[in-house]
S.K.: 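Quick one: the structure is below, questions incoming.
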Amino acid sequence: MALHFELVTPAKLVRSEDVHMVVVPGSEGEFGVLEGHAPFMSTVPDGAVQIYKTEGSAPEEIQVRGGFAEVGANGLTVLAEHVEG
Amino acid sequence: MASLKELKGRINSVKSTQKITKAKQMVAAAKLRKAQAAAEAARPYASRLADVMASLASKVAGNDNAPRLLAGTGCSERYLLVVINTDKGLCGGLNSNIVRAALAKARALQAEGKSVQFYLVGKKGRAPIRRAFPDAIIGQFDTSEVRNPGYEEAEKIAAELVDMFEGGKFDIAHLIYPTFKSALVQDPTLQQIIPVPAPAEAVEDNSGAVVEYEPGEEEILTELLPRYLKTQLFGALLEIAASEQGASMTAMDNATRNAGDLIQKLTIQYNRSRQAAITTELIEIIAGAEAL
């Protein structure tokens, strides 16, 4: 019961871990991704990606700039041009 | 025959040259490791982006209103060659190999009756290309002021290229850069970047589910194409960085070894003339003593 989440920038693979839920600021509104999400693709404008490690835990925020999110069979992949922090 | 003093001076000068080349070799070896690590770290992003591109492009490719960066301008008369060179020398034949590949491609295109223009990145390619094609350079990008050309530089280059493409300055762009294979081998590589070549085959999503797009497929693709271009350029910048250090390491290793050989030869010559001088002196003394 975990979502495989990857955050990748051109410089490096920032995150690759199993988490509970990730909230991504899509270009047409925020969306949360849980395990078993339907295949989905969206552009991501500048904003914060919130990562919930477990159910009910406090979210960890990562600022991303210029990105792209893809949900597929193997989890969520966020491709960002820049990541802060 | 050179005098003893002259020989000594030469030996010393070769020795100090050897010290420099040895230092440069070690610096290059250390930097090479870093550059290689950076190139490896960039791979996941590039491969994921390529996957996404492939699946999107195959969906949009048939449409008439596909983005121009993917579909091209419809003709193929004017070519742009984006040549990536290093800013510094002391790296053996790396730059001349790239320039030779670029010029060969340019001549081949001209023979087909196409017009060729150049966009240069890095200092070292400018002079030889200007000599061969004096009026064909329409732009250059200076990477000499930044320590490690990175994604920001790639972004700027990509923006400039897209501007020129939108402005109708060229129809097709090729990128020429060295692929780092090992410290000994860096092959010049030619790659089409604009219009973005359609990936050979789309990776089929075996889940069978329909992928939802937000906003539409074409909007995503329009945003993705420039990013794909940036990634390609970024990859090329990383390759040139690794190649430069690799080539430099090999070239400096050779130079250090040559200097060692030269020192050995000069030392033998020096010792011979020293002995000869001593012998002559002795003969003179003996001859003088006998005369008495």
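Lettering follows sequence order; numbering is per chain, from 1. Computed from heavy atoms alone, side chains included, the values below leave out hydrogens, waters and symmetry copies.
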S.K.: With a 4.5 angstrom heavy-atom cut-off, which part of B/L49 approaches chain A: side chain, backbone, both or neither?
M.R.: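 Interface part for B/L49: both.
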S.K.: Between B/E40, B/R43, B/R227, which shows the greatest number of heavy-atom pairs under 4.5 Å with chain A?
M.R.: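 Highest number of heavy-atom pairs under 4.5 Å: B/R227.
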S.K.: Quick one: what part of B/Y213 sits under 4.5 Å from any heavy atom of chain A, side chain, backbone, both or neither?
M.R.: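 Both parts, backbone and side chain.
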S.K.: Tell me the closest heavy-atom pair linking A/P10 and B/Y151, and the distance in Å.
M.R.: CG-CE1, 3.2 Å
S.K.: Between B/A46 and chain A, with a heavy-atom cut-off of 4.5 Å, which part of the residue counts as in contact: side chain, backbone, both or neither?
M.R.: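 Interface part for B/A46: neither.
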S.K.: For A/T43, is it the side chain, the backbone, both or neither that has a heavy atom under 4.5 Å from a heavy atom of chain B?
M.R.: both
S.K.: Of the backbone (N, CA, C, O) and the side chain (C-beta and beyond), which part of A/A80 lies under 4.5 Å from a heavy atom of chain B, both, or neither?
M.R.: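 Backbone of A/A80 only, per the 4.5 Å heavy-atom cut-off to chain B.
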S.K.: So what's closer than 4.5 Å to chain A heavy atoms on B/E219: side chain, backbone, both or neither?
M.R.: neither
S.K.: Can you find a pair of side-chain heavy atoms, one from A/F68 and one from B/E223, that are under 4.5 Å apart?
M.R.: no
S.K.: Can you tell which part of A/E6 gets under 4.5 Å to a heavy atom of chain B, answering side chain, backbone, both or neither?
M.R.: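 Contact with chain B involves the side chain of A/E6 alone.
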S.K.: Quick check: are there more than 12 heavy atoms from other residues, nucleotides or ligands sitting under 6.0 Å from CD of A/E60?
M.R.: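 Result for CD/A/E60: enclosed.
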S.K.: Could you check whether any side-chain heavy atom of A/E70 comes within less than 4.5 Å of a side-chain heavy atom of B/R48, counting everything from C-beta outward?
M.R.: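 Contact flag for A/E70/B/R48 side chains = no.
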S.K.: Please report the shortest heavy-atom distance between A/A11 and B/A41, naming the atom on each side.
M.R.: O-CB, 3.1 Å
